[in-house]
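Report on the structure given below.
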Amino acid sequence: MSGDKIKRAGFGMQMDQQQQSFQGVSIVTEAYAATNNPSSQQQLPVTGHVVVQRGSSALPCCGIGLGWFLFILGFILGAIPWYAGACVFLCAKYDNREKPGLIGCCVLAALSTVLAIILVILSVV
């Protein structure tokens with residue numbers, strides 16, 4: 001291999017093997033780099049192991065998720081779904097993709113509670 005060209009990994013420089021010296025960077029031959037390229041490798045299934053796919057299942061309520069469904073429904077039914085969404089957010093285990101809609105329900109439930117208290121105080125006075 002004295003006449004072979006060797007390529008430094010990450011730098012794209014070529015030099016003769018006689019000139020090589022260890023400088024903290026691994027030296028990789030072109031044949032090794034070609035066979036260990038991740039883009040050219042195929043993924044083969046491993047027998048005996050269960051493959052778990054996460055996040056590929058569809059969200060409930062027409063694909064928008066329970067949180068956004070309750071958020072939109074709260075404008076129609078008057079804040080009751082927002083309280084349900086707040087209870088789900090605070091007490092139940094849910095998918096992370098549901099989190100933004102449930103947080104929106106919590107915010108609007110809190111705002112509607114504050115608004116109701118203010119209206120009650122103003123009506124008494």
ILVMFWY cluster, [X] and [Y] together (side-chain gap under 4.5 Å):
X	Y	answer
I117	L108	no
V107	L77	yes
L90	I103	yes
I80	L111	no

key: Qualifying side chain to side chain donor-acceptor pair (under 3.5 Å) pairs, either residue in residues 65-78, two or more places apart   =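 Pairs touching residues 65-78 that pass the test: none.
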key: Heavy-atom check, side chain of F89 versus side chain of E98, under 4.5 Å   =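 Not touching, per the 4.5 Å side-chain cut-off.
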What heavy-atom pair brings [X] and [Y] nearest, and what distance separates the two atoms?
X	Y	result
G67	C105	O-SG, 3.5 Å
A109	Y83	O-OH, 3.5 Å
L70	A84	CD1-C, 4.3 Å
Y94	V88	CD2-O, 4.0 Å

Plane angle bin for F71 and W82 - parallel if under 30°, tilted between 30 and 60°, otherwise perpendicular =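 Tilted.
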task = For atom CZ of F69, decide whether the heavy atoms of other residues, nucleotides or ligands shown that lie under 6.0 angstrom number more than 12.
result = no
